[in-house]
Amino acid sequence: MFRFQLYRRVRKVALALSLGVLAAQAGAALIGNAEAQTNPATERVVTQDYELLVETVASGLEHPWSLAFLPDAAMLVTERAGAVRLVTADGRVSEPLAGTPSVADINQGGMLDIALDPDFAENRRVYMAYAEERAGGVGLSVARAALDRESETFEASQVIFRQMPAVSGGRHFGSRLVFHPDGTLFVTAGDRGSYSDESQAPDNHIGAIMRINPDGSIPPGNPHESMPGWAPEIWSIGHRNVQGAAMRPGTEEFWAHEHGARGGDEVNLIEPGLNYGWPVIAYGVHYSGAPIGLGTHEEGMTQPVFYWDPSIAPSGMAFYEGDVFPQWQGDLFVGALAGRLLSRLTFAGDAVIAEERMLGGLGERIRDVRNGPDGALYLLTDAENGRILRLVPAP
């Protein structure tokens with residue numbers, strides 16, 4: 001498959017080419033969550049287009065991973081260790097909500113992404129991606145449940161997807177959940193770290209993106225639904241660790257970014273049936289300094305729209321679609337863990353033409369990025385005393 005057998009023979013000696021694209025250059029104890037208080041501190045940050053106020057909405061969150069806004073502007077926030085908390089718009093943090101699935105808190109695994117059903121106002125359904133211990137090891141799973149706001153409880157929880165196979169280790173779960181306008185659900189699953197070769201195998205979920213119905217069934221129209229050897233839920237393969245994904249506003253385009261190794265974090269337009277190359281092609285090298293695969297290009301494998309080398313370790317992303325920052329309409333915002341910054345990518349069509357890096361002075365690992373219902377941008381910081389940050393223009 002796309003010279004995969006050749007790749008297996010030469011992967012340890014092939015040189016990784018260094019071709020230029022519009023790549024960017026390198027430029028406390030836990031607070032009791034039930035008692036976490038709003039931190040009124042704000043900071044001013046100057047960017048190319050705006051002077052920002054960076055407001056702390058809430059703090060005292062234990063390695064928060066994902067955020068979803070409820071209709072009344074309250075937020076559901078996951079904590080990697082396993083909890084989901086309700087945070088009001090004024091920053092009050094609840095006790096852990098009851099009824100969440102059992103989570104394997106292992107290394108990078110735990111309670112990860114969270115998303116609301118497009119019809120949440122009618123059905124109250126919430127979707128949670130998490131690491132689950134099961135036969136054979138640990139795997140990414142997705143459960144859905146109905147939220148009872150009055151009792152702060154998830155009800156009628158059911159697992160709708162399990163990444164197969166479950167394997168040992170606690171790295172590279174992927175885990176982003178994104179609804180397509182047609183109501184189907186994209187699920188990103190990582191290569192689990194030590195199983196990268198399986199990202200080229202279309203009969204499993206390692207290093208793949210899946211498209212399923214909200215109940216876990218297979219919708220019509222997946223690219224290989226009837227092809228022998230392909231799992232029918234597969235949408236694309238050849239991914240390393242997709243921790244950011246979003247629909248582009250006003251389109252049906254599904255975009256994602258993924259962690260590279262030492263260099264080669266990518267932004268991709270995810271299209272059905274395509275192979276995004278990992279680990280046959282990649283920009284950058286392994287952490288050991290050894291070359292990756294066959295280089296940067298291979299017939300039948302898709303090039304990234306944009307990549308970072310050195311890596312910034314991207315996590316979370318959102319196309320801005322509010323009206324508070326009119327000059328940023330349609331720009332892509334990406335959080336960075338190792339880079340400890342927020343990246344703003346500007347487009348001309350489907351091409352990235354510029355990057356601005358901001359918030360580096362905060363020194364925070366940015367785990368998630370979301371559009372707020374008030375038009376502001378909201379961020380999660382990955383720390384033992386993690387925060388929800390709100391970005392608005394300074395007066």
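FYI, the numbering just counts along the sequence from 1.
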Regarding R387 and D382, does a basic nitrogen lie under 4.0 Å from an acidic carboxylate oxygen?
no

Atom of F120, atom of R125 and distance for their closest heavy-atom approach:
CD1-O, 3.3 Å

Inspect the contact between R370 and D113 and indicate whether a charged nitrogen and a carboxylate oxygen are less than 4.0 angstrom apart.
yes

Examine distances only and state if a side-chain atom of S288 and a backbone atom of A290 form a donor-acceptor pair shorter than 3.5 Å.
yes

Could you walk me through whether R149 and D72 pass the salt bridge (charged side-chain N to carboxylate O under 4.0 Å, His left out) test, one step at a time?
CA-CA 11 Å; R149 283 290 297 274; D72 64 353; 3.1 Å; yes

Side chain to side chain, P223 and W230, heavy atoms closer than 4.5 Å:
no

Distance only, no hydrogens: is a donor on one side chain within 3.5 Å (strictly under) of an acceptor on the other, for R85 and T78?
no

For W65, is the NZ or CZ atom of R80 found under 6.0 angstrom from the centre of its six-membered ring and inside 45 degrees of the ring axis?
no

Do D331 and F347 make a side-chain contact, defined as non-hydrogen atoms from C-beta onward lying under 4.5 Å apart?
no

Apply ring-ring contact (aromatic ring centres under 6.0 Å, His included) to residues F69 and Y378 and explain how you reach the verdict.
CA-CA 10 Å; F69 281 96; Y378 286 74; 4.9 Å; yes

Pairing of R344 and E355 as salt bridge, 4.0 angstrom limit
no

Same cluster (ILVMFWY, side-chain, under 4.5 Å), V392 and V45:
no

Correct closest heavy-atom pair for L140 and A129 would be CD1-CB, 4.0 Å

Determine the sole option in M111, E79, M128, E132 for which the side chain to side chain contact (heavy atoms under 4.5 Å, CB included) test with V103 is passed.
M111

Please check: side-chain N/O of R144 versus main-chain N/O of V159, any donor-acceptor pairing under 3.5 Å?
no

Just verifying a value: how many Å separate I212 CD1 and W235 CH2, rounded to the nearest 0.5 Å?
13.0 Å

Does NZ or CZ of R192 come closer than 6.0 Å to the centre of the six-membered ring of F173, within 45° of the ring's axis?
yes

Derivation and outcome, ring-ring contact (aromatic ring centres under 6.0 Å, His included), residues W328 and F333
CA-CA 10 Å; W328 289 351; F333 287 82; 5.2 Å; yes

List the atom of R357, the atom of L341, and the distance in Å for their closest heavy-atom pair.
CD-CD2, 4.0 Å

What I want to find out is whether D119 reaches R124 closely enough, with some N-O distance under 4.0 Å, to be called a salt bridge.
no

Without swapping roles, check the side chain of N241 against the backbone of G174 for a donor-acceptor pair under 3.5 Å.
yes

Any non-hydrogen side-chain atom of V178 less than 4.5 Å from a side-chain atom of M247?
yes

Distance under 6.0 Å and angle within 45° of ring axis: R240 vs Y276
no

Can you see which heavy atom on G170 is nearest to which on N107, and at what distance?
O-CB, 3.3 Å

Where G109 and A131 come nearest, the two heavy atoms and their spacing:
CA-CB, 3.9 Å

With sequence neighbours excluded, give me every salt bridge (Lys or Arg N to Asp or Glu O under 4.0 Å) pair touching residues 254-263.
none

Following the transitive rule for hydrophobic clusters with a side-chain heavy-atom cut-off under 4.5 Å over Ile, Leu, Val, Met, Phe, Trp and Tyr, establish whether L269 and I209 coincide in one cluster.
no

Would you indicate whether the side-chain heavy atoms of P232 and I218 approach each other to under 4.5 Å?
yes

Side-chain touch T346/I353, heavy atoms, less than 4.5 angstrom:
yes

Using distance alone, with no hydrogens and no angle criterion, decide if T47 and D49 have a side-chain donor and acceptor under 3.5 Å apart.
no

Could you go through L362 and E43, starting from their C-alpha distance and side-chain angles, then the distance that decides it, and tell me whether this counts as side chain to side chain contact (heavy atoms under 4.5 Å, CB included)?
CA-CA 9 Å; L362 298 182; E43 299 187 46; 3.3 Å; yes

Check the side chains of R176 and Q243 for a donor-acceptor pair under 3.5 angstrom, ignoring hydrogens and angles.
no

Under 3.5 Å, is there a donor on one side chain and an acceptor on the other for Y127 and D117?
yes

Donor-acceptor pair, side chain of D203 and main chain of A231, under 3.5 angstrom
no

Applying a strict under-4.5 Å side-chain criterion to I, L, V, M, F, W and Y, I'd like to know whether F179 and V142 cluster together.
yes

I206 and F161: same hydrophobic cluster, using ILVMFWY side-chain contacts below 4.5 Å?
no

Between V334 and V369, is there a side-chain heavy-atom distance shorter than 4.5 Å?
no

Take L379 and L391 through the side chain to side chain contact (heavy atoms under 4.5 Å, CB included) test and state the conclusion after the steps.
CA-CA 8 Å; L379 313 177; L391 307 185; 4.2 Å; yes

Does the side chain of Y195 pick up a donor-acceptor pair with the side chain of S168 at under 3.5 Å?
yes

Please determine whether residues M164 and I160 belong to a single hydrophobic cluster, defined as Ile, Leu, Val, Met, Phe, Trp and Tyr linked transitively by side-chain heavy-atom distances below 4.5 Å.
no

I388/M75 under side chain to side chain contact (heavy atoms under 4.5 Å, CB included): CA gap, chis, key distance, verdict:
CA-CA 10 Å; I388 302 172; M75 294 158 271; 4.1 Å; yes

Please check this pair: side chain of Q163 against backbone of H205, looking for a donor-acceptor N/O pair closer than 3.5 Å.
yes

Sequence neighbours excluded, the answer for ring-ring contact (aromatic ring centres under 6.0 Å, His included) partners of F154 is none

Ion pair R171/D191, N-O distance below 4.0 Å:
no

For Y283 and Y307, take the angle between the two ring planes, folded into 0 to 90°, and tell me which bin it lands in: parallel under 30, tilted 30 to 60, perpendicular over 60.
parallel

I'd like to know whether V126 forms a side chain to side chain contact (heavy atoms under 4.5 Å, CB included) with I114, so could you lay out the CA-CA distance, the side-chain angles of the two residues, the decisive distance to 0.1 Å, and finally the verdict.
CA-CA 7 Å; V126 177; I114 191 164; 3.5 Å; yes

Look only at the side chain of Q108 and the backbone of H172, and say whether a donor-acceptor pair between them is shorter than 3.5 Å.
yes

Does the side chain of L332 come within less than 4.5 Å of M317's, by heavy atoms?
yes

Applying ring-ring contact (aromatic ring centres under 6.0 Å, His included) to H257 and F306, what does each step give before you reach the verdict?
CA-CA 9 Å; H257 67 59; F306 181 86; over 10 Å; no

So does G263 get a backbone contact from the side chain of S311, meaning a donor-acceptor N/O pair under 3.5 Å?
yes

With a 4.0 Å cut-off, would you call R211 and E233 a salt bridge?
no

Looking only at atom types and distance, does a side-chain atom of Q303 sit under 3.5 Å from a main-chain N or O of N268, one as donor and one as acceptor?
no

I'd like to know if the side chain of N213 reaches the main chain of D215, judged simply by a donor and an acceptor atom lying under 3.5 Å from each other, with no hydrogens or angles considered.
no

Is it true that a side-chain atom of N222 and a backbone atom of E225 form a donor plus acceptor pair closer than 3.5 Å?
no

Nearest atoms (heavy-atom pairs only) where A146 meets N123
CB-O, 4.2 Å

